[in-house]
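The structure under discussion appears below in the form of structure tokens.
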Amino acid sequence: MSAPTYDAIIIGSGAGGAATALPLVRAGRRVLMLERGEFLPRDGSTLDVHRVVERGAFLAGEPWRDADGRRFEPQEHYNVGGKTKWYGAALFRFDPREFAADPSYGCPAWPISLADLEPYYAEAESLLGVREFRAEPGLEWIIGRLRRSSPAWQAAPMPMGLSSDIAFHPEEAAHFDGFASVRGLKGEVESRFLPLLRQWEQFELLSGVEASALLGDPREPRRVRGVQTNDGRQWWAREVVLAAGALHSPRLLERYLAQSGLAAGLPVSAAVGRNLKMHVLTAMVTFSSRPMDDLLRKTLVLTHPDHPHSSVQPLGFDAELIATLIPRWVPRFAARALARRAYGFFLQTEDSSAAENRVFERGDGGGLERVMDYRLSRLTAAAREHRSFTKTLSRSFWRAGLPSVSRRMDLSGTAHACGTLAAGTDPRRSVVDAQGRVHGLEGLYVADGSVLTRISRVNPALTIYAWGLRLGAHLAR
């Protein structure tokens, strides 16, 4: 085994990985970041609806199997910056109660509180340029009608990681939600974190290099010391940080536990890959009697007191994009005409923890098969609330004179995948401790959304950034 060349190796360049790297390099630590993807092009293709949505040109295209053995391809991206390049820039803090246990809903408690993350939330918001935008006329009109007919609905400004002058770039403003910015107008890793990291000579980023295995100390396999990449090279460090995402980090850990012989001896091995959470998601389109000319659209979040685990946010979709949500049996000319008078909304409900919902690999020398075993039927409370929540919003829209149609998102929608290396105090039911270290192992930490014990009713990105900043500060000390 070679002597450590780096203080830390970080696998993945998304929110958690980049946030962990920043405090480390600022403290003078030498950091290597490995990213299997490359930099995205800046030729405008990442804003092109046909290429991004209809062709899926930037998706990973990796085959997986579901619980019934059916083949599907999750909507995963491999590129520098990870999902932060594609996300819709909604950057919420979790509510204090979303760190606590909710036994009736099937949610365990985090091993930390909101107070532990608060300074890192504030730092992440500053780094990402989080701000609020005024609701535009079309959305104000819709929400006004909705609340007059159903006063229980509550609207609040949405914290957004968008440049204050994005409206001066209409192509970007109309295509930030689910698209990668060309001008760097979103608060994400490449525009906000990489410029800071690259100021330090002790930071090194290798793109187009996939981590294929974790490497342990030959004399003590409970001590993780390095990473092997798919080109056969080996990299050594004092600490290794998994930040490849909730579908990929657990598979690297699962391989290591199996190959090192630790799978049978470490209690934590039974929890690896389990408790997969992705939000229960529905897209809803509502139609009005007037044209909708709003540009950003995604400026308010809606909640309802009868559905405490759920929220609604407008989609940042213009008419061209909304037309792709209208059922295919509607003629395309009619779909486009309807879309010009429509608004899209995204309904999401927190899915609770179920150990049976998991990701893992199976196979032999003929090749490994990726499996995502996730069934909403295992989450009775979440399924019930989401059905009721969807009906409540639909009825409220119809009552307001705004007819709507909806479509549940299927298993391929993995944008919010979390929980598969959950944080906790019990190594039989969680994978990492309150500091992000894998139970029973030395030198191995987790920085991505895998650690989220609960996913909350809002988008998880800001919490992943905050966790990463906290982990980086801990390792730097």
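Both backbone and side-chain heavy atoms feed into the values below; hydrogens, waters and symmetry mates do not. Predicted model only: the values in this text are computed from it and were never measured.
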Tell me, please, which residues at least two apart from R51 pass salt bridge (charged side-chain N to carboxylate O under 4.0 Å, His left out). none

Ring pair (Phe, Tyr, Trp, His ring centres under 6.0 Å) involving F389 - partner list, sequence neighbours excluded: W153, H307

Flag, side chain of T392 to backbone of S388, donor-acceptor distance under 3.5 Å: yes

Ring center gap for F397 and F345 short of 6.0 angstrom: yes

What residues, two or more places apart in sequence or in another chain, satisfy salt bridge (charged side-chain N to carboxylate O under 4.0 Å, His left out) together with E132? none

Who passes ring pair (Phe, Tyr, Trp, His ring centres under 6.0 Å) against Y87, sequence neighbours left out? none

Any ring-ring contact (aromatic ring centres under 6.0 Å, His included) pairs touching residues 456-477, not counting sequence neighbours? F193-Y465

Give a yes or no on whether the backbone of G129 and the side-chain of R131 come within a donor-acceptor separation of less than 3.5 Å. yes

Not counting sequence neighbours, list each pair that qualifies as a salt bridge (charged side-chain N to carboxylate O under 4.0 Å, His left out) and has a residue in residues 454-470. E350-R454

Quick one: do the N459 and Q348 side chains pair a donor with an acceptor below 3.5 Å? yes

Under a 3.5 Å distance rule, please check whether E385 uses its side chain to pair with a backbone N or O of H309 as donor and acceptor. yes

With sequence neighbours left out, what residues match K85 under salt bridge (charged side-chain N to carboxylate O under 4.0 Å, His left out)? E188, E190

Within the distance-only criterion (no hydrogens, no angle test), does the side chain of H279 pair as donor or acceptor with the backbone N or O of L281 below 3.5 angstrom? no

Polar side chain donor-acceptor pair, T349 to D351, under 3.5 angstrom: no

Distance-only donor-acceptor hits, side chain of residues 433-445, under 3.5 Å, sequence neighbours excluded:
residue : atom : partner : partner atom : Å
D433    : OD1  : Q435    : N            : 2.9
D433    : OD1  : G436    : N            : 3.1
D433    : OD1  : R437    : N            : 3.0
R437    : NH1  : L441    : O            : 2.6
H439    : NE2  : G424    : O            : 3.1
H439    : NE2  : S430    : OG           : 3.1
H439    : NE2  : V432    : O            : 3.3

Do T286 and S404 have a side chain donor and acceptor closer than 3.5 Å? no

What pairs with R370 under salt bridge (charged side-chain N to carboxylate O under 4.0 Å, His left out), at least two apart in sequence or on another chain? E62

Give me the one residue out of S353, P460, S456 that meets side chain to side chain contact (heavy atoms under 4.5 Å, CB included) with K277. S353

Under 3.5 Å, is there a donor-acceptor pair between the side chain of S249 and the main chain of A244? yes

Could you list the residues that satisfy ring pair (Phe, Tyr, Trp, His ring centres under 6.0 Å) with W86, not counting sequence neighbours? F58, H77

Under 3.5 Å, side chain of K186 to main-chain N/O of F176, donor-acceptor pair present? yes

Would you say the side chains of S207 and E38 form a donor-acceptor pair under 3.5 Å? yes

Given the options R408, R407, M409, T282 meets side chain to side chain contact (heavy atoms under 4.5 Å, CB included) only with R408

According to side-chain hydrogen bond (donor to acceptor under 3.5 Å, both in side chains), does anything in residues 256-270 pair up with another residue at least two apart or in another chain? List the pairs. none

Indicate whether the side chain of T414 and that of E76 have a donor and an acceptor atom separated by less than 3.5 Å. yes

Ring pair (Phe, Tyr, Trp, His ring centres under 6.0 Å) with Y78: which residues, sequence neighbours excluded? H248

Is E369 reaching over with its side chain to a backbone N or O of R362, donor-acceptor style, under 3.5 angstrom? no

